[in-house]
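This report concerns only the one structure given below.
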Amino acid sequence: MIYAVLSLAVLGALFGIVLGVANKKFAVEVDSRVEAVTKVLPGANCGNCGFPGCSGYAEAIVAGTVSLDACTPGREEVYHKIAAIMGVAVGAAKERKVVQLLCKGGRENAAFLYKYEGVQDCHVAAAMFKGPKVCSYGCLGLGSCVQACPFGGIQMGADQLPVIDYELCSGCGVCVNSCPQHVLKLVEVSHLVHVRCSNKEKGKQAKEACAVACIKCKLCEKNCPEGAISVVADAEGSIAVIDYTKCTNCGICVEKCPTRVIEKMLPLTTSFVQNKDFTAGQPPTGCQHCGLCQ
Amino acid sequence: MREMLFIIIGAVLINNIILAQFLGVCPFLGVSKKLSSAIGMGVAVTFVLTLASLITWLVQICILNRLHIEYLQTIAFILVIASLVQFVEMVMRKKTPDLYQSLGVYLPLITTNCAVLGVAIINIQKSYTFMQTFANSLGNALGFTLALVLFAGIRERLEEADVPQSLKGMPIALITAALMSIAFLGFSGLL
């Protein structure tokens, strides 16, 4: 018994000493800046920077192989902090992007093929005759993007369309990849005019499928003074598309569109979560009329 | 010398540690996606396994047998292997950071790799001498490396191959491993 205890203790102590010496001898210097940068990053591991996680990006920053403003969720704030840690002068950061929903076919507007009572996941619904709506291009409204958003920036609105909190939205694009219908798109925050439809069918079919559908009348194309909006055709069909590099947010197309598919938002300043308690009767700036507060 | 050669060949081909004795299957499936990391893992295991077997043999003969505390074999061996893996990890992190990165979690997993403990115990069970222990553990480690590298090569080609959707990834890997195991049965009449 005493031998057993002693021999194991001696063996353990021996190996402990060897490891201790080795630890000193083979110590690896870890750059303290890696830890500092990792701490500053949001830690959502969204992968938008092109690295598997925030720590991977932090290592690349310290190694000096990437630009410092690749973290879209962090916005300028994080960029400035990283620049301070790395001792680099702050340049103009890229304009932040937010996600836009290109569909207005909620429960009220869209026509339905059948009543879906399956798993509450857009991917599953999309596999059943391209979803329960007549329009096979539109939002399915089951909230895969709500689930996917690492920042809690998407909620399901009263009309079964996702409502995006542009304050919380970091532009990481995780929801864009989670949407089987591809109705979410990342757009710079200063662009306010959007075509809220993705239906590429001919005008008549599109109109039958949804009350708010692009019917390819080309009124927007004819009236746009900048030539920024046009009905673009591809193999599937055609749809009005805005060239955001040319659009000046003038809103003429919004007035001309007969189905009110084109929408001009108010400048994005506030969060719908913060605005829930407004009482004055006047919706505040940034209101998307989602109806969540009512 | 002849006998040592037989032990090595027997360990590499006939009683291959993975494909005939089914030890160390975790790293076999885990680190076989890329040929380069498979080779790295093979080298790491070869080093750890050979060294661990020799030290455990010494521990068994000089301490456990002499003090009649053979029942402490498992814990004493694990102690040796765990310390050795820690040591190898430190050295690799310093000397070859790239290899350290690519092996990732599997390097510490050598600690609980049954192949290492298995070979150490087999050496004692067969009452090998010190040199025979060396030959047997080196042979087993080479056999491990051989199987791992062959498997990684096959899996790299499988990535490109048109595999049915339901079999993609791990299922086809397991089937491949089983076929390799059957193929290695052919060596059983070699010696």
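All chains are named by letter (A, B, ...) in the order of the sequence lines, taking the proteins before the strands, and each is independently numbered beginning at 1.
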Give the atom names and distances for all donor-acceptor pairs closer than 3.5 Å across chain B and chain A.
| residue | atom | partner | partner atom | Å |
| --- | --- | --- | --- | --- |
| B:Lys94 | NZ | A:Ala27 | O | 3.3 |

Query raised in the report: Given that the side chain runs from C-beta out, which part of B:Val59 has a heavy atom under 4.5 Å from chain A: side chain, backbone, both or neither?
Result: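 It is the side chain, since no backbone atom gets that close.
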
Distance (rounded to the nearest 0.5 Å) between [X] [atom1] and [Y] [atom2]:
{"X": "A:Leu8", "Y": "B:Ile75", "atom1": "CG", "atom2": "CD1", "value": "5.5 Å"}
{"X": "A:Phe26", "Y": "B:Phe87", "atom1": "CZ", "atom2": "CZ", "value": "5.0 Å"}
{"X": "A:Leu6", "Y": "B:Ile63", "atom1": "CG", "atom2": "CD1", "value": "11.5 Å"}

Report task. Evaluate whether atom CZ of B:Phe77 has more than 12 neighbouring non-hydrogen atoms of other residues, nucleotides or ligands under 6.0 angstrom away. Result ->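 Enclosed: over 12 neighbouring heavy atoms sit under 6.0 Å from CZ of B:Phe77.
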
Query - Whether over 12 other heavy atoms sit under 6.0 Å from A:Ile2 CD1 - result: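 Count not over threshold, so no.
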
Query - Nearest atoms (heavy-atom pairs only) where B:Leu72 meets A:Ala4 - result: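 Minimum heavy-atom contact is CD1-CB, 3.5 Å.
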
Query - B:Ile69 side chain reached by A:Met1 side chain, heavy atoms, under 4.5 Å - result: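 No. Closest side-chain heavy atoms not under 4.5 Å.
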
